[in-house]
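Presented below is the structure to which this report refers.
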2 protein chains.
Amino acid sequence: MPEFFHDNKLYYTPIEFALNHIGGTWKMPILWRLQKTILRYGELKKDIPHITHKMLTSQLKELEEKGLITRTVYPVVPPKVEYSITPKGLQAIPVIEHIMKYGYELIKEAGIDYPPKK
Amino acid sequence: MPEFFHDNKLYYTPIEFALNHIGGTWKMPILWRLQKTILRYGELKKDIPHITHKMLTSQLKELEEKGLITRTVYPVVPPKVEYSITPKGLQAIPVIEHIMKYGYELIKEAGIDYPPKK
DNA sequence: CAGGATCCTTGACGATACTG
DNA sequence: CAGTATCGTCAAGGATCCTG
């Protein structure tokens with residue numbers, strides 16, 4: 001696995017390159033919500049528990065820069081901004097599905113009560 | 001996606017839980033090498049370009065703690081330590097395969113020369 | 001040969017306040 | 001409503017040195 005440069009950043013493996021697109025705590029949850037619906041900033045914020053304003057903004061920006069989502073601004077007051085997934089974003093959905101499924105397996109095997117019955 | 005606690009750590013999604021097991025720059029490359037062979041510390045070190053001593057040690061320890069690999073020490077001098085994958089580790093291989101494939105797709109679409117012909 | 005310990009830099013992330 | 005800007009904290013990770 002030789003390394004390579006892209007966008008002024010060094011990557012060691014294809015895995016690292018992939019995780020740079022969809023890795024981290026929030027990118028997959030965001031893409032997951034957008035896979036079938038267009039959502040406004042505030043809707044995403046409400047839908048994703050515990051994500052902070054700063055993280056949501058920065059992650060949305062990164063996803064847009066990488067071409068996985070599209071940002072549409074409506075010139076009205078108060079502002080209205082919609083986020084939608086692109087074909088390139090849709091390409092990540094099957095991968096996310098696998099990772100999520102793997103996560104559920106691990107949770108089950110760990111004997112964790114999930115989702116927790118209150 | 002409700003959150004849950006495990007091992008004194010808070011997780012927000014199954015995705016995050018999964019990435020805690022195989023995420024980061026090095027865990028998947030390590031598991032990938034071990035999927036069909038038992039390797040010594042020094043062999044892994046040589047096989048994985050650019051990984052530092054500290055990272056390899058810490059990642060191996062984490063993978064062992066999570067039960068994805070086994071560490072076998074031979075009481076000889078100089079020391080000989082072998083690492084092998086467990087059934088739980090093998091469970092991650094298909095997921096890694098998907099992420100890697102996704103990474104290759106992204107690299108190709110980005111027009112990156114990979115692997116680079118020198 | 002394998003790996004622990006230490007020091008240091010960097011950047012990820014949260015909290016808060018401000019703006020069109 | 002959506003987004004910047006700023007500040008502070010903390011942990012990931014690199015470099016180096018030491019040990020059985």
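Protein chains get the first letters and strands the later ones, always in sequence-line order, with residue 1 at the start of each.
- Considering only residues two or more places apart in sequence or on other chains, S58(A) meets the side-chain contact (heavy atoms from CB on, under 4.5 Å) condition with M55(A).
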Discussion item. For nucleotides 3-9 of chain D, give me one character per nucleotide, 5' to 3': B if any protein heavy atom sits under 4.0 Å from the base, S if the only such contacts are to the sugar-phosphate, - if neither.
Written reply: BB-BB--
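- Qualifying side-chain contact (heavy atoms from CB on, under 4.5 Å) partners for L90(B), counting only residues two or more places apart in sequence or in other chains: I85(B), I93(B).
- Taking the centre of each ring, Y12(B) and F4(B) stay at or above the 6.0 Å mark.
- In plain terms, the two heavy atoms of L63(B) and K27(B) that are nearest each other are CD2-CD, 3.7 Å.
- Residues that satisfy the ring-ring contact (aromatic ring centres under 6.0 Å, His included) test with Y102(A), not counting sequence neighbours, are absent from this structure.
- At whole-Å resolution of the value, CD in E16(A) and P in dG13(D) are 10 Å apart.
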Could you list the donor-acceptor pairs under 3.5 angstrom formed between side-chain atoms of residues 35-44 of chain A and any protein atom two or more places apart in sequence or on another chain?
unit_1	atom_1	unit_2	atom_2	d
Q35(A)	NE2	W32(A)	O	3.4
T37(A)	OG1	R33(A)	O	3.2
Y41(A)	OH	H53(A)	ND1	2.4
E43(A)	OE1	R40(A)	N	2.8

Acceptor/donor pairs from residues 65-76 of chain B side chains to any protein atom, 3.5 angstrom cut, sequence neighbours excluded:
unit_1	atom_1	unit_2	atom_2	d
K66(B)	NZ	N20(B)	OD1	3.1
R71(B)	NE	Y83(B)	OH	3.3
Y74(B)	OH	E82(B)	OE1	3.0

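- A 4.0 Å heavy-atom criterion places the boundary nucleotides of DNA chain C facing chain A at dC13(C) to dG20(C), written 5' to 3'.
- Not a single salt bridge (charged side-chain N to carboxylate O under 4.0 Å, His left out) links E105(A) to another residue, sequence neighbours left out.
- Judged by closest nucleotide on DNA chain C, W26(A) is the one of W26(A) and P78(A) placed further toward the 5' end.
- One end of the helix from dC1(C)-dG20(D) to dG20(C)-dC1(D) points its axis 40° away from the other end's axis, with each axis taken from 5 pairs and the angle rounded to 10°.
- Remark: E97(B) pairs with no residue by the side-chain hydrogen bond (donor to acceptor under 3.5 Å, both in side chains) rule, at least two apart or across chains.
- Toward the 5' end of DNA chain C, the nearer of the two residues P79(B) and H50(A), judged by each one's closest nucleotide, is P79(B).
- Distances shorter than 4.0 Å separate some side-chain N or O of R40(A) from OP1 or OP2 on dA2(D).
- In this structure, NZ of K45(B) is placed 11 Å from P of dG14(D), rounded to the nearest angstrom.
- Shown here are the side-chain hydrogen bond (donor to acceptor under 3.5 Å, both in side chains) partners of H21(B), two or more places apart in sequence or in another chain: there are none.
- Using a 4.5 Å heavy-atom threshold, the side chains of I30(A) and L56(A) count as touching.
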